[in-house]
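First the structure, in the form of structure tokens, and then the observations on it.
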Amino acid sequence: MKDIVALCKRRGFIFPASDIYGGINGFWDYGPLGTELKNNIRDLWWKSMVLTPPLGPDGEPVQIVGLDSAIIQNPKCWEASGHVGGFNDPMVDCKESKKRYRADHVTVLLPKNQDGFWLAFDKDAEEDDINQRLKKLAKGRPQSDYDVKKLDKIPFSDFSKIIGPDAKEPGTLTEPRQFNMMFYTFIGAMGGEENKAYLRPETCAGIFLNFKNVLDSSRVKVPFGIAQIGKAFRNEVTPRNFIFRSREFEQMELEWFCEKEEAPKWFEFWVEQRKKWWDSVGIDLKKCHFLDVPKEDLAHYSDRTIDIEYQFPFSAPEYDELEGIAHRGNFDLTQHQTFSGTKLEYMDPTDNTRRFLPDVIEPSCGLTRAVLAVLSEAYTLDETRPSGVYLNFPPAVAPKKAAILPLTAKEEHVPIAQKLYMELREDYAVDLDIKQNIGKRYARQDEIGTPYCFTVDNDTVSDQTVTVRDRNTMAQERIGLDHVADFLRGKMHKKS
Ligand code: GAP
């Protein structure tokens, strides 16, 4: 992870927000290449949902329309959704280390024979840390001597036996406190509780609020979907793992409205579609885990949820969540109908006496988390090349599709390269890089994941061909200048 974070900063993918002021925990800025990468992933999701939605079981494209709703909505929206009352994480503080943890992220080892202290570990503790602490605090007792429990499942009366994740003494963890994760602000000049409003903690609410507007203004019929991409904000107790869990992030959410009886079929449909999409952006499905969330862990409104989990560098060999696909029933529409007093029922066009609130299947995915997964998957060590590393992005995802490199800054090479650049940039994000020796320029393109480099040299002047260098194999071939655009077009749907 450290190497990925360092490359992201060095090459302009992602910077800590407010870097020159020492940063601000849980916030990140996307640099020139990170913005391109994020936009590409965003556009591929939008295309797969709204522009070219998949074919449904009947062989026809399913109907999905897009939306871009406000970040701040009427605060009643969050009362209806349950966020004002319940968007809480149980949180414990450690009086010794002064650190704060989410209780459901702390694992506790309890000695099977009841003898000795209980040892707590934060979610990301590595095997080595665990063994080191067992050595120091439990005379090297093996892990097999312990049972494992989550801290939020342990009664507070037993906390006196627990040594906190960064503590040396037992009994320093405080009682879990609920902590509302919504950021808020005050609208207008007056401030005051009555003008309090919240920054949305998820994008889906705007979709439910506009369900009726979309029905009344477009020609969609159940089953159909509304898709939205945008910022979401959560005052996470412990933002961590680079952009994985941040306080400001982006989500890509689809709310798929269907008849209750058909919900299980559509649930399976969307799980399959989402697998295909992750594969298309270069995620190795062998490094994914599809967790059928156990009944006791499901949100109260959900009958079934599958979490798509990925083996992130910080979690490997374990997995962490990329996306959740939830059957939300008609909980949200019911709540908003009740709280707003506005009828949100859908009228069956074949039988106008039949009105109902459709069920919802929701594939909900973090865009910024997808950026981290794509970067992690692409990061490939290769000692044989000068950069020592390259980013193996699929061409469609890569921030730059190609670099055009005149071999030298000579009179005859540069104008040809400039002309090619001006032609290609109409359709593709391409780089024209004139300075430095060619090896250094290839190394830079490898590190930013540019799949192809077109080099203009003396032969170009005489026979109108350029060298194409393939990022992954470093193999070179010559193609005609007039074939370069076709060549790139043919590569855009390839995986690498
Ligand atoms: N509307 C449902 C919903 O928001 P969620 O599981 O809380 O469900 C969905 O969030 C996705 O949003 C997660 O799978 C993750 O990819 C992303 N996400 C959630 N919290 C995040 C955070 N603090 N930082 C980055 N991404 C986050």
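As the structure is a prediction and not an experimental result, all values here were calculated from the model. Read the numbers this way: they start at 1 and go in the same order the structure lists the ligands and their atoms.
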**OP:** On the 0 to 90° scale, with breaks at 30° and 60°, tag the F257-F208 ring pair as parallel, tilted or perpendicular.
**Re:** perpendicular
**OP:** Can you figure out which of M252, R240, R234 has its heavy atom closest to atom 20 (N) of ligand 1?
**Re:** R234
**OP:** Return yes when R328 approaches ligand 1 closer than 4.0 angstrom through a heavy atom, no otherwise.
**Re:** yes
**OP:** Pick one of side chain, backbone, both or neither for how E362 approaches ligand 1, counting any non-hydrogen atom pair under 4.0 Å.
**Re:** side chain
**OP:** Could you walk me through whether D284 and K286 pass the salt bridge (Lys or Arg N to Asp or Glu O under 4.0 Å) test, one step at a time?
**Re:** CA-CA 5 Å; D284 181 355; K286 290 200 282 306; 3.8 Å; yes
Original post:
Evaluating non-hydrogen atoms only, which member of E255, R369, Q251, E253 is closest to atom 10 (O) of ligand 1?
Top reply: Q251
**OP:** Mark up the atoms of ligand 1 that fall under 4.0 Å of a heavy atom belonging to E323, in ascending order.
**Re:** 14 (O)
Original post:
If you measure every N/O of T368 against every N/O of ligand 1, is any gap under 3.5 Å?
Top reply: no
Original post:
Which is it for L322 and ligand 1 at heavy atoms under 4.0 Å: side chain, backbone, both or neither?
Top reply: backbone
Original post:
Is E321 touching ligand 1 with its side chain, its backbone, both, or neither, if touching means heavy atoms under 4.0 Å apart?
Top reply: side chain
Original post:
Has ligand 1 got any nitrogen or oxygen that is less than 3.5 angstrom from a nitrogen or oxygen of S246?
Top reply: yes
Original post:
Does D93 pair with R177 as a salt bridge, N-O distance under 4.0 Å?
Top reply: yes
**OP:** Could you tell me whether the side chain of Q335 and the main chain of A80 form a donor-acceptor pair under 3.5 Å?
**Re:** yes
Original post:
Are any of the side-chain nitrogens in R304 or E268 under 4.0 Å away from the carboxylate oxygens of its partner?
Top reply: yes
**OP:** Report yes if some heavy atom in the side chain of R274 is under 4.5 Å from a heavy atom in the side chain of C365; otherwise report no.
**Re:** yes
Original post:
Is the Lys NZ or Arg CZ of K196 less than 6.0 Å from the centre of Y184's six-membered ring, within 45° of the axis?
Top reply: yes
Original post:
Quick one: does G366 get an N or O within less than 3.5 Å of an N or O on ligand 1?
Top reply: yes
Subject >> L372 and N241, any side-chain heavy atoms less than 4.5 Å apart >> reply: no
Original post:
Just distances here: any N/O of C204 and N/O of ligand 1 closer than 3.5 Å?
Top reply: no
**OP:** Consider every N or O of F249 and every N or O of ligand 1, then say whether any pair is closer than 3.5 Å.
**Re:** no
